[in-house]
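Have a look at the structure below before the remarks.
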Amino acid sequence: MVRQAYRASIFHLLGDPSDADAAQYFEDGVLTVENGHVAEVGAWPELAPRLEGVRVERFANGLIMPGFVDSHVHYPQVDIVASRGSHLLEWLSAYTFPTEARFQHKEIAAEAAQFFLDQLLRNGTTSALVFATVYKDSVDALFEAAQARNMRIITGKVLMDRNAPAGISDTAETGYQESRALIRAWHDKGRLGYAVTPRFALTSSERQLELAGRLLTEHPGVRLHTHLSENHEETAAVRRMFPDCPDYFAVYEKFGLATPQSVFAHCVHLAPGEWARFGKSGAAAAFCPVSNLFLGSGLFDLAAAEAVAARVGLGTDVGAGTSLSLFATMGDAYKVCQARRHSLDATKLFYMATLGGARVLGLDDKIGNFERGKEADFVVLDAAALPMLARRLAQATSPADRLFALAILADDRAVARTYLAGALAYSR
Ligand code: GUN
Ligand code: ZN
């Protein structure tokens, strides 16, 4: 048995912070890991007597936290971050479709996949739900790279058979066949998972959406990952294209795509009736504040999602999002909610970036906090490399104040180390 122990301050969440006892903070804590899984977490003075003979790695001024979960991101879009465009649909045509066309070449996809995963780890992100491209090889490339790192990645082949350039379109049939082959090759293989990934309602025929629904029923456990109600031009176009559906969410409902395995990115412009049905469906939402501000899409209504008990995680949505950091994403999530007169505290922000994200991905039995037996994906944070943050933390009045300043001010420089299943995967 391989046993390791890490001593530092430790913070994690045992549940949604609406439960007052959900947050656990140990000023002088220790996390013990056995064979890649969490064995124990607690206060150092309490656990130390039981750790005789175990090598304890100590991080002075460090803070250990569960690895971050990115609930929505596009790996091929690392090449188009910070590309100027007036709104979503124009941005997709001008930048997204041309860059994704390059991913028909496996070597281009493989290089981008390595870069992407390097950057996730550098930002303390240990799991993600990821859009690939329409090309099957681009999905293999990301799965292969994630498998080599033993990283929890869920991804899938983009389905799009209309309203996109011919070179990056599939057909309802080829989309179905290739998705099925990928599910058989990769789903539940080690730490990997598959998501059926229609880009959004506008780029799939009714037949393709129907076959996406069939893939879900034929493969229990496979996720559904798509975009929903991000932008006004988009929602108006969906109403024109699907005149028999009363609203955008109804399109996904019609084809059996609104399920507890479904993750919908954005959900910015859902009407109250849509939110009510969203909640009943058991689907989850990825809140992508950086992207929503960058494209001017709108302000996500977290209170509306909470009112219907929908699971909500944070998505960086690179490349419409401009950072792979969950810190940048928590910072903008805070500001978007402030603008909606809904003031979040640090526990809520870190919840959405860790356990909440794990719940969105259906992985909370495996990751998201330090409950005994979970896979030991964690980060060691250290503010020393950020002068402003270090100065602010020196004035912190409580753990809550310290965590809040960290959520708002930190970035990848604060990530000293990232561990995957107990193994060191990144060191600053
Ligand atoms: N909606 C459909 N495709 C995309 C995409 O690539 N990025 C964003 N932000 N929204 C989308
Ligand atoms: Zn997206």
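First listed ligand is number 1; within each ligand, the first listed atom is number 1.
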Distance from atom 7 (N) of ligand 1 to nearest protein heavy atom, with residue and atom: His74 NE2, 3.7 Å
Proximity to ligand 1 by part of Glu234, non-hydrogen separation under 4.0 Å: neither
Distance filter under 4.0 Å to His266 heavy atoms, resulting ligand 1 atoms: 9 (N)
Ligand 1 atoms in contact with Arg199 (distance to a heavy atom under 4.0 Å): 2 (C), 3 (N), 4 (C), 5 (C), 6 (O)
Those atoms of ligand 1 less than 4.0 Å from some heavy atom in Glu230: 1 (N), 8 (C), 9 (N), 10 (N), 11 (C)
Part of Thr203 within contact of ligand 1 (heavy atoms, under 4.0 Å): neither
Numbered atoms and elements of ligand 1 in range of Phe200, under 4.0 angstrom, heavy atoms: 1 (N), 2 (C)
Residue that, paired with Leu409, satisfies side chain to side chain contact (heavy atoms under 4.5 Å, CB included) out of Leu389, Leu393, Leu386: Leu389
Donor-acceptor contact below 3.5 Å, side chain Asp412 vs main chain Arg122: no
Backbone of Glu90 reached by a side-chain donor or acceptor of Tyr95 within 3.5 Å: no
Heteroatom distance test (Glu100, ligand 1): nitrogen or oxygen, under 3.5 angstrom: no
Proximity to ligand 1 by part of Asp317, non-hydrogen separation under 4.0 Å: side chain
Test: Asp247 and Arg277 ion pair at under 4.0 Å: yes
Atoms of ligand 1, numbered as shown, that sit under 4.0 Å from any heavy atom of Ala320: 9 (N)
Number of protein N/O/S atoms that sit closer than 2.8 Å to the Zn ion (ligand 2): 4
Side-chain donor/acceptor of Ser262 to backbone N/O of Leu257, under 3.5 Å: yes
Residues, nucleotides or ligands: over 12 heavy atoms within 6.0 Å of His232 NE2: no
Backbone of Thr316 reached by a side-chain donor or acceptor of Asp70 within 3.5 Å: yes
Side-chain donor/acceptor of Gln395 to backbone N/O of Arg392, under 3.5 Å: no
Parallel, tilted or perpendicular: rings of Phe131 and His227 (30°, 60°): tilted
Lys106/Glu144 ion pair, N-O < 4.0 Å: yes
Matching residue for Phe103 among Tyr75, Phe97, Phe116 - test: ring pair (Phe, Tyr, Trp, His ring centres under 6.0 Å): Tyr75
Close N or O approach (Thr96, ligand 1; < 3.5 Å): no
Could you pull out all donor-acceptor pairs under 3.5 Å where a side-chain atom in residues 326-337 meets a protein atom, sequence neighbours excluded?
unit_1: Thr329; atom_1: OG1; unit_2: Ser325; atom_2: O; d: 2.8

Test item: Ser138 side-chain N/O and Thr133 main-chain N/O as donor-acceptor pair under 3.5 Å: yes
Interfacing atoms of ligand 1 (cut-off 4.0 Å, heavy-atom, His227): 1 (N), 2 (C), 3 (N), 4 (C), 5 (C), 7 (N), 8 (C), 10 (N), 11 (C)
Close N or O approach (Trp91, ligand 1; < 3.5 Å): no
Contact atoms of ligand 1, heavy-atom distance to Leu92 under 4.0 Å: 2 (C), 3 (N), 4 (C), 5 (C), 6 (O)
